[in-house]
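Taking it in order: structure first as structure tokens, then the write-up.
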Amino acid sequence: MKRPVELHGLATQKFRSLSSDIRNEGDNNWHQDTATSSDVMRSFRADAAFAIPNLYEILESESYFYAIRLRANRVLQGKVAHLLKRPVGRPPNHVRRIYGDFDYQAASWDKPRRVIAKVEWHPSELFPRVGFVVTNLPMEPDWIVHFYNQRGTAEQHIKEGKQAINWTRLSCKGMAQNEVRLQLHALAYNLGVFLQSTNLPEEMVDWSLTSLQTRLIKTGARVVRHARAITFQLAEVAVSGAVVRRILAAIHRLCAPPVPA
């Protein structure tokens, strides 16, 4: 079975030399597996900022499967005009999705390519939502749209890092200092993700990094010193004492206690 390797395109970054960026092994924005093409299925998905003909040709020459969003235009709208008519009858209480599948060639393309259209009719909206994806995948349209929608997962991780860790807040004057600061932010993000992967209590399964930070890490506490012990008294605001003890037990189970000498 082929092992998939995926590349995610980010709309916030533009590349002047696409061919050199894709083939550059040291570029942090791209990840390419070094295994042979016979046992690896390589795929690429990106938003409309990467709808570039030169990129299509590079991906096809490198045997990549891709799904890239296209901006709507009059020609694409005309291809799915029969799907844009409001269905007859009372609309259902759920979202109705209709898919279109056709070949399309823009003026700047060297050949026609497959385009998948997704038309969504929402109960409370008068007009449909329409999206287009250019692809060379041989799967069914609904599978391709689902594959493309998974692109948002990577961007959500980046957004979460910006909000919870503030890793784009690099206010030092020197590049070296900002590099160290960014690495510390990345370490903090990885520690948060590692904490999420542990066997946390059921109440915290769906917590984001921001929730872990505000509800658990930034909990107010008071330190009480005694002759033989130091006690931390935590405020039970968002997390109860029982939940805190279960969290500590989950962290303690990650590694065996040290063997006494």
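If you read the sequence from its start, that first residue is 1, and numbering goes on from there. These values consider heavy atoms only, across backbone and side chains, with no hydrogens, waters or symmetry-generated copies. Here the structure is a predicted model, which is why all the values come from computation and not from measurement.
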Only counting residues at least two apart or in another chain, list the ones meeting side-chain contact (heavy atoms from CB on, under 4.5 Å) with Asp142.
Tyr99, Glu140

What I want to check is whether the side chains of Glu120 and His122 have a donor and an acceptor closer together than 3.5 Å.
yes

Tell me, which pairs form a salt bridge (charged side-chain N to carboxylate O under 4.0 Å, His left out) where one or both residues lie in residues 164-183, sequence neighbours left out?
none

Pairing donors with acceptors under 3.5 angstrom, does anything connect the side chains of Gln105 and Arg113?
no

Using the test side-chain hydrogen bond (donor to acceptor under 3.5 Å, both in side chains), find all partners of Arg246 that sit at least two apart in sequence or belong to another chain.
Glu203

Which residues pass the side-chain contact (heavy atoms from CB on, under 4.5 Å) test with Leu187, not counting sequence neighbours?
Leu191

Residues two or more places apart in sequence or in another chain: which of them pass ring-ring contact (aromatic ring centres under 6.0 Å, His included) with Trp121?
none

Other hydrophobic cluster members with Tyr148, side-chain heavy atoms of Ile/Leu/Val/Met/Phe/Trp/Tyr under 4.5 Å, chained?
Val133

Across all chains, not counting sequence neighbours, the side-chain contact (heavy atoms from CB on, under 4.5 Å) partners of Ser124 are none

Which residues share a side-chain hydrogen bond (donor to acceptor under 3.5 Å, both in side chains) with Asp101, sequence neighbours left out
Arg114

Would you please name every residue forming a side-chain hydrogen bond (donor to acceptor under 3.5 Å, both in side chains) with Arg71, sequence neighbours left out?
none

Who else is in the cluster with Val180 when I, L, V, M, F, W and Y are joined by side-chain contacts under 4.5 Å?
Leu184

Apply ring-ring contact (aromatic ring centres under 6.0 Å, His included) to Trp109 and list each qualifying residue two or more places apart in sequence or on a separate chain.
Tyr56, Tyr104

I'd like to check the side-chain hydrogen bond (donor to acceptor under 3.5 Å, both in side chains) partners of Glu125; sequence neighbours left out, ordered by chain and number.
Arg129

